[in-house]
Each structure stands twice: as structure tokens, then as C-alpha cells.
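So the structure is just underneath, and the comments pick up after that.
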Amino acid sequence: MQEKYHPQEIERQARQSWQETGIFNATEIPDKPKYYCLSMFPYPSGKLHMGHVRNYTIGDVLSRYRRMQGYNVMQPMGWDAFGLPAENAAIQKGVPPAKWTYDNIAYMRSQLQSLGFAIDWQRELATCDPQYYRWNQWLFLRMLEKGIAYQKTQVVNWDPVDQTVLANEQVIDGCGWRTGAVVEKREIPGYYLAITRYADELLADLEKLPGWPERVKTMQANWIGKSFGVDITFPPDTASGMPQALKVFTTRADTLMGVTYVAVAAEHAVALHAARSQPDLAAFIESCRQGATMEAELAVQEKKGMATGLYVLHPLTGERLPVWVTNYVLMSYGEGAVMAVPAHDERDFDFARQHSLPIKPVIRPENGELSVPLIQAFTEYGVTFNSARFSDLKSSEAIDAIAVELGQKALGEKRVRYRLRDWGVSRQRYWGCPIPLIHCDNCGVVPIADDQLPVVLPEDLVPDGSGNPLAKTPSFYECTCPCCGRQARRETDTMDTFVDSSWYFIRYACSDQPAAMTDQRANYWLPVNQYIGGIEHAILHLLYSRFWSKVMRDLELVSFDEPFANLLTQGMVLNEIFFRKTGSGRIQYFNPAEVDVQHDAEGKRSGAILRADGQPVESGGIGTMSKSKNNGIDPQEIIEQYGADTARLFMMFASPPTQTLEWSDAGVEGAFRFLKRLWRQVYLHKQQGGEAAATTTPVPYQEYPADLRDLRCQLHQTIVKVTDDLERRHTFNTAIAAIMELMNELSDVQGTHPAARQLMQEALENIVLLLSPIVPHICHALWRELRPGTELLDQPWPQADDQALIQDEIEIVVQINGKLRGQIRIAREADRPAVERAALEDEHIQKSMAGRPVKRIVVVPGKLVNIVV
RNA sequence: GCCGGGAUGGCGGAAUUGGUAGACGCACGGGACUCAAAAUCCCGCGAUGGUGACAUCAUGGGGGUUCGAUUCCCCCUCCCGGCACCA
């Protein structure tokens, strides 16, 4: 055995050994419990970043742990390979996106392999592979047949930078999720997937996901936004010229008797009708359309409106109610029209005040009166009044009674509505999955026949930054209609890349299946037992994938309802930001790797200097690693300097996986130091006749000296703790801390005494096994030293020896009035009176009590005694 | 505005079901080894007072429940995340 730890060499050897045996290639074994462990696949952007390393290390630790526990583990990897960065790189460098993407995949694959992840590379897939995306197209056609996919023209979110449409989920604070550009409204035809058909199930099934973080489930529930209410029809006052009845949706039918006007969105048919004869109204509508480009601005912008001169009739009283066009009613929710109840709705209240519309209170608090005149809307539930025969009812009763009355008049019914909108999947971009349709002047939209799939995306186009290159490539779009044989045009829009990622985890189960989208292996492996990824996909990818799985289930392609049984959302990787203000007032950022942080004699931070010039730099706080702040650390450099195990150990140790992780060079050094100590400990043990002790005449545990018995107890307690931390808590940081603690104790064990060597052998073997999911390479090498001729990966996860966990004497804490005042050692089986007696007799306790009388003694068995004086 | 999560030494974090606050690591200080430095090893390390044994204070702030509260309850401050004219 080498005296020193040489990570590069041992890591290369370990990886070679795993590769030769193909040990991580998974097959379906019916009689073994399966464990499908999945980390979100990367976009092949060029090289791995620390977020990837963290993500895949978490997955690898869990995979390797489960493997040792006897599970049939599958951990696959692939590439989310379609997307805009490829096109942008192509525009800049003049290289086709395909080449750029495949080159990146090759490099990043080698990086992942150098990190030693236990991945089944036989199942690797890339979403830009025609053999993958043909099944996107195939399923899209099935959806088309079922009416789940359909075409419509509507106002959409337009990203002016990426020059494409975005789905609602992809608009964050009014900006594109990728570019951050302010989203515009445009009216464009496109294809939609009817995710709203599944709204109710997507919401209800969140309850089938106890293994998901509450936070993510809440976010999805809010996004789906189910609300119960009543659809109400307001008949037209034809005398005023009102052309049609107005349908509204309300959750507060109990306030119906307080309606004083009706408001419609600027895009509403009634508004457009009225505008035809009223130029000023037309101008107002136009200004609404232009002003309201940014979603976030909508909420804060001033409420504006204009009367149409049209009237509707109150469905119960027949009263004439004016119709207003306003900018605060959304066309995209409900019917694009609302009944306005100023007394009981904040928005209506503001608007009514501005435009001097009547305010009619009809709800009062259950125990009390409404103070009039109202200073603000009373929006809570309460009791009706001033509502004719619907007075003096609780809100819930009034809603029911009014709904029944409206039902009898055929002017309303109870209705459930969702905030969720259908998923627009058309993208006016090149590097994506072609939508398999043909437009024929004669036959309309014609789907491609299944046996003609895939519609292959040409891989040699170089976009120039102006529009979709597919639309400028006749060899792609020129075709003949499959129905009538005449000249036709192929659809040049491609699918949202979130389509690709909505089912890749199913395809891993059968990525070599040429004849079908899935086969029975999908039902063996799925659902994914543990999914790991960033919280940023809480809605987007995770909601789409759930929807897609349910569609596939209804098409009888898979048999599960939910794709991901357990979800772990990892925290982001942060690093300090350093900068200087240059003379011209510009800010120049410096990479933390080029900066030395200084400390004073008390260990507090005193400043930071740039190594290159020795001059100070300012700290800009801690932030996510990003190019713009120049605070990223390249994982490759860490791997080359310290080895993959150090990188993995540091990331798992610095914080629990769900929390943010602060990068620290010193912390990396510390992790490296620990591995060096571990290596040395095994080396020294072998020098002292080490592993022979385990095989020759063993000393019975009962004959161990007391200190070794205690140490052996700690060893087995550590096994229990690490197992629990990995299995249940997923707190790898505390698991590592417990092993470090044990190592610290172990380093005191000296000498060649057989029992000492025997214990050392037992401890080191177990430490190597416990650490192996986290730092597999060094453990692979150390195991060969501790047990020559055997392989670590053939070993099961260690089991604690129950006998070792039982201590004859235990330590009990003694408190006086809840404050720690002493410790006593006492026999494990000592009864309550004995414990009390021992506590009272203790010298320290006697002194602290100073003769005060005992009022009461609280005993927590095995833990503490509290003496109340 | 609504919903959720959080605040613990110089720093990252630990304390799992109300039971020893600060595990483990980093930084820092002291020592050993060395011509010297690095590396390594040993010791110390919340604050205040005390030579010391020890005492007091301390988990964002204030109050409460309890023999005992970082943990439970009420109020407040600040930070982070999500949603936001959703009728």
C-alpha cells in the first residue's frame, strides 16, 4: 500500500474497474426490489457547473446506498439537447446547432464519468435524437386524435429576445424564464395541449405524493388554482342596444344583490361591439392593449374604464346595470366579464369610487354591523342583508339559495374553475422537435402517417438570427399532401423543449426499444423512486411531466398515475462576489479563486485582496454562481487539483442537500485533509499488522478492555446514525460528521494489542463501507487493502451489532432547576430510586444544592435527572 | 396584499419526539517537528467576571406554557422563496 493518498491514480483505477465489470448496468430482476434513482438531466451547455455536480452527487449517494442495501438500482443519464442556446451559439460561431450540441455532450459525458457516478450508460439518450423525438411526434398525433392537442389563435406571451412564444408557466414576473426579457402580448396561431382537462386530477393527486416537499405541492396547487363558484348570466337590455347576454363567473354569489355594474375586459366581444360605434371607446381599448404588455405591471397599474352606454338586466331583480369596459378584468380567466360588487370587492370598490358608481352593501359581519359609509370594501364572508328574500342568510347558505334560484330561471349554475391554462407548445424556432403536421390548401391540417415518422429535423442548418431557418428551407417545408397529393407546406414550428423532458424518465426504461414508445420495462422501473433536481422546476417541468404521464396512462402506454414517488429539491450553489469600482464608475468582478480572504488574530474577517496585484477588493455578498458576477468555480479544476472524491465530499458535507450551499476553498481543503487522514489511518493500521488480526484468533468482545468496548459501541451507534441519515433524513452532512467523530476517537487507539487491532480492522472496514456512497473511489482502493481479494461493491451495507449497542454503564445528566450541574455514570438497568439516589449523592450536586430542600425530582430514563429545589 | 420557509459563535452548520445549546468542519491562537517554511501532529477556542474551582448571560426582539423551550403558543422585526387585478 502506498503511504500517501494519490487521488488521480486511485480514481482512475476505480473507474476502470467499474467500467470493465459493467457493474452499474441495470437489468430487470422481477424478484428483487427495484430502486429507480433519477437526477434531472442536464442541458448540454458546454461544461458541467457546480449545480450539476451537487445534483448528481446526491443521486449517486442514494443510488450506491440502495445498491448496498440490496435493491436493484437503476441510475440513468441523458441530455435535454434541444433548445435555444444551441441556436445562439450557432449564430455566434457559424456552427450548426447539432454539432455544437453533440460536442458538448461528448465533453460533459467525460466530465460526469470522471466524477465516478454509478450510471448505467447503456440507457443514455439525447432528446435531439430522431429515435427519441419520433415518439414526441407519435404521442402528439395520439393527442390530436383525442382532442388533447388542438390548434387555436390567441393572445400569447412573446419573448422578443428568443423570438418565440412562451407558455404561461415560462413567464416569470412578466419576463421570459430563459432570457429575462419583458414579455409582449401577440396574437398568434399555435398548438395547445389540454392540460386543463387534467386540472382536477393533477390537483387531487398531489395527495398521493407524501414524498414530495409541501412547498412544491402548494406551488402546484396554487398554480392550478381551483375555485368553486357560480356562472351567472345577465340578460341583455336590448333597448340599450346590448347585443347579447353577459356571462360572468363569481365565487361570491352571496353578493349578487349588491351588484351595481358589470365590467368586461377590453378584448371582450361586447367591448368590441360597442367600440364600432364609439371612436373614443375604440381608442381606450387600443390603449389597454398596448399598455398592458407586462404582466407584472398589470397588477399595480391604475384602474381605468369607460362606460359603453349598454345595459344588462339583473338576473333576479331585472334592474338595469351599466356595462363598463375596464383594464382590470382579464380576458384569460373566466368569461372575461365580472359582476361588480363595490361594497364587497376591493377592485370594484376602487373603481366605483373613481367613477362615482353606486356602492350597495349586502353583507355584514356575522356578529356586528357594517360601519357605513364604507371606507373600504368588506370582503369577508358574513350574513346577507338588504337582499330581499335572500337576506339574513350566512354567505354559504346565500350562495346555495341564489344558485338554486338562478338554476330555476336558467340564468346560472354552480361551476368549478381553474387558473391553469392549456399548454401552448408551438415554438417559432429551429432547434426543436418538428410538429408532425402538413398544411394543405385543400385538406386543411393533415397529420403525418405513423409509418412516416419521424419528421426529421435537418441538422445542417445554420441560423442567422432572423426568424426560423426551417421556414426558409424549401427542402424541409415543401411537401405533398398525403390526402390529395397536391403541393402542401410542412409545419415549421417546433415543440417546446419541455415536451422533450416530460417523459424522458420513462424512455430510460426502454431506450433501446425501436418499435414503440414504451414497453413493459417501463412498468417495472417506474415510478421513479427518488427524483432529484432544482426547485426552479417546481411548476414547469414537474407539472408537465405529471400531465404527460397521465396522458400516457390514458393511452395505456404505462400503468402508473404519478411519475415521481419522492422528490428532493436541492438548494443552489452560492459563492462570494468580489468587485472593484473602476475609475469610470463601472463595476469589475473578480473570481473568488483569484482573491485571498484575510483574517485578524481573532479569526474574524478583515478584508480581501486580489492575488494578482495585492490590492484590496470589495465584497458584494453571497450569490448564486453566475457568469455575470464572475463567481463561478469550474468543477473540472477542483477535480484535477483534489480529485472527484474531495469535490463530492465537500458538497455533501457543507450543508444539507435541500439548503443552499456556500462554496468555500478552505472547506474543500478540509474535505481533502479528511480523506488524507483516512488513507493514513488505514496505512498505519496495516503497518501494525492490521488486517491479519481480523482473521487469526479473534478476541471475544466480552474480553475487550472497557475503553475498547465503549469505542465499539460508538462504532455501531455510528452505523445506526449514518443509515438513518442516508435513508430517512437525507442529511449527508450529519452522516459525514458522525464518521469524522468516530475517526477522531479511533486515532487514539494505539499499539499492536490483538483486541485493539481487531477493533481497528472492524472500525475501518465499516467506515469505508459507510463512506463509500459518498467517496466511492478512495473506498474502493481502501477496501482492497483491508480485505485483499474482495471487492467493495460486492459488500452489503453494514448492520449494527445490537449487542455492541448495549452499554453496561450509561452517563446520565443531572440538572438542578433545569440547569446542568453534573453527570453521573450508572448501571444501565438501575431503577428510578437508584438513579435518584446516585444523583443526590453526587459531589457536584451536593455542592450546588447547598442544602436547599428537594421539591421534586424528574427522571427521564437513560437520559437525565432534574432536581427541583 | 396573500401563502410558505427561515434568523443559532468570527464563518458553514449540529442539536431527529420538549431533555447536556454550539456536534463536525473552517478560520484563528498556542505548542511539537523543521535551519526555515509548507505539510503533519497535539492543545485551546460563544460572551462576561474570576488565579482557580466556578458563576452569570446567551439560539432575531418581547411575552407565555413547562421541572425543563433553539424546539410549543401569542405579538413584533428583518431576510428568502412562490403567487398576485383569478372575480
Side-chain angles (χ1 to χ4, degrees), chain A residues 172-173 213-216 218-223 225 227 229 248-252 255 263 295-296 298-301 303 326-330 332-341 345-348 350-351 417-420 535-536 538-539 574 597-606 622 650 653-656 658-671 673-674 676-677 680 721 724-725 728-729 731 733-741 743-744 747 811-823 844 847-848 855-858 860 863-869:
Chain A
I172 315 290
D173 291 335
E214 219 44 54
R215 187 158 71 116
V216 174
T218 309
M219 280 164 73
Q220 291 212 354
N222 288 341
W223 187 263
S227 52
V248 305
F249 174 71
T250 181
T251 55
R252 291 300 301 271
T255 65
E295 293 270 349
L298 281 172
V300 289
Q301 97 187 358
K303 289 183 180 52
T326 68
N327 65 348
Y328 76 90
V329 177
L330 301 177
S332 56
Y333 186 77
E335 302 289 339
V338 300
M339 61 177 220
V341 188
D345 182 282
E346 275 177 42
R347 296 153 299 182
D348 299 342
D350 289 349
F351 190 82
R417 281 195 187 266
Y418 301 91
R419 185 185 166 281
L420 185 69
I535 184 75
E536 67 272 20
I539 295 171
L574 314 179
V597 174
Q598 297 175 310
H599 301 267
D600 66 15
E602 283 165 356
K604 293 182 191 175
R605 275 184 66 140
S606 56
I622 312 274
F650 167 72
F653 180 61
S655 67
T658 55
Q659 282 181 35
T660 56
L661 180 148
E662 272 183 44
W663 189 260
S664 155
D665 287 331
V668 176
E669 283 283 352
R673 205 146 42 215
F674 173 73
K676 282 193 286 189
R677 271 213 306 277
R680 210 173 95 90
K721 163 134 184 84
D724 186 46
D725 283 352
R728 179 179 63 88
R729 302 211 305 154
T731 50
N733 55 330
T734 52
I736 295 164
I739 296 169
M740 286 176 166
E741 233 175 308
M743 278 279 291
N744 291 343
S747 63
E811 197 147 279
I812 285 191
V813 168
V814 186
Q815 298 179 331
I816 295 175
N817 291 343
K819 279 185 184 160
L820 176 69
R821 283 293 181 268
Q823 272 127 354
H844 287 278
K847 233 166 96 182
S848 295
K855 267 202 219 154
R856 182 178 161 189
I857 299 180
V858 181
V860 181
K863 269 203 174 144
L864 93 159
V865 178
N866 188 16
I867 303 166
V868 186
V869 298

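Since the model is a prediction, treat every value here as computed from it, not as a measurement. Just so it is clear, the values below take in all heavy atoms, side chains as well, and ignore hydrogens, waters and symmetry mates. All chains are named by letter (A, B, ...) in the order of the sequence lines, taking the proteins before the strands, and each is independently numbered beginning at 1.
Counting non-hydrogen atoms under 4.0 angstrom, Thr734(A) reaches the backbone sugars and phosphates but no base. Among the atoms of the strands shown, base atoms are found under 4.0 Å from some heavy atom of Asp724(A). Among the heavy atoms of the strands lying under 4.0 Å from Val813(A) is at least one base atom, whether or not backbone atoms are also near.
Partners of Arg215(A) by side-chain contact (heavy atoms from CB on, under 4.5 Å), not counting sequence neighbours, listed by chain and number: Met219(A), Ile535(A), Thr569(A). Every side-chain contact (heavy atoms from CB on, under 4.5 Å) that Leu820(A) has, sequence neighbours left out, goes to Val813(A). Under the ring pair (Phe, Tyr, Trp, His ring centres under 6.0 Å) criterion, Phe674(A) pairs with no residue at all, not counting sequence neighbours. With sequence neighbours excluded, the residues that form a salt bridge (charged side-chain N to carboxylate O under 4.0 Å, His left out) with Glu214(A) are Lys217(A). Partners of Trp663(A) by ring pair (Phe, Tyr, Trp, His ring centres under 6.0 Å), not counting sequence neighbours, listed by chain and number: Phe650(A). Partners of Asp724(A) by salt bridge (charged side-chain N to carboxylate O under 4.0 Å, His left out), not counting sequence neighbours, listed by chain and number: Arg728(A). Annotation: salt bridge (charged side-chain N to carboxylate O under 4.0 Å, His left out) contacts of Glu346(A) (sequence neighbours excluded): none. Applying the side-chain contact (heavy atoms from CB on, under 4.5 Å) criterion to Ala737(A), with sequence neighbours excluded, gives Phe653(A). For Asp345(A), the salt bridge (charged side-chain N to carboxylate O under 4.0 Å, His left out) partners two or more places apart in sequence, or in a different chain, are Arg347(A).
With rounding to whole Å, Tyr333(A) atom OH is found 7 Å from A87(B) atom C1'.
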Using a 4.0 Å heavy-atom cut-off to protein, can you give one letter per nucleotide of nucleotides 45-59 of chain B, 5' to 3': B if the base is in contact, S if only the sugar-phosphate is, - if neither?
--------SSSSS--
For each nucleotide in nucleotides 8-13 of chain B, reading 5' to 3', give B when a protein heavy atom comes within less than 4.0 Å of its base, S when such contact involves only the sugar-phosphate, and - otherwise.
--B-SS
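Across G19(B), A14(B), A87(B), the shortest atom-to-atom separation from the side chain of Arg347(A) is found for A87(B). For Thr251(A), the side-chain atoms get nearest to A87(B) when compared with the rest of A87(B), C41(B), A39(B).
Contact check, Arg673(A) against C24(B): no side-chain N or O comes under 4.0 Å of OP1 or OP2. The side chain of Asn222(A) contributes no N or O atom lying less than 4.0 Å from OP1 or OP2 of G4(B). Remark: Lys863(A) is not in phosphate contact with U20(B), judged by side-chain N or O atoms under 4.0 Å from OP1 or OP2.
Nucleotides A21(B) and U16(B), compared at atom P, are 13 Å apart to the nearest Å. The separation of A27(B) from C79(B), taken at their P atoms, amounts to 32 Å, rounded to a whole angstrom. When the C1' atom is used for both G18(B) and G31(B), the distance is 43 Å, rounded to whole Å. Taking atom P in both G62(B) and G12(B), the straight-line distance is 22 Å, to the nearest Å.
Scanning all heavy atoms of the two residues, the minimum distance from Val869(A) to Asn817(A) falls at N-OD1, 3.0 Å.
Stem regions for RNA chain B, each three or more consecutive Watson-Crick or G-U pairs with both distances under 3.5 Å and listed by first number, read B:1-7 with B:77-83, B:10-12 with B:24-26, B:28-32 with B:40-44, B:46-49 with B:54-57, B:60-64 with B:72-76.
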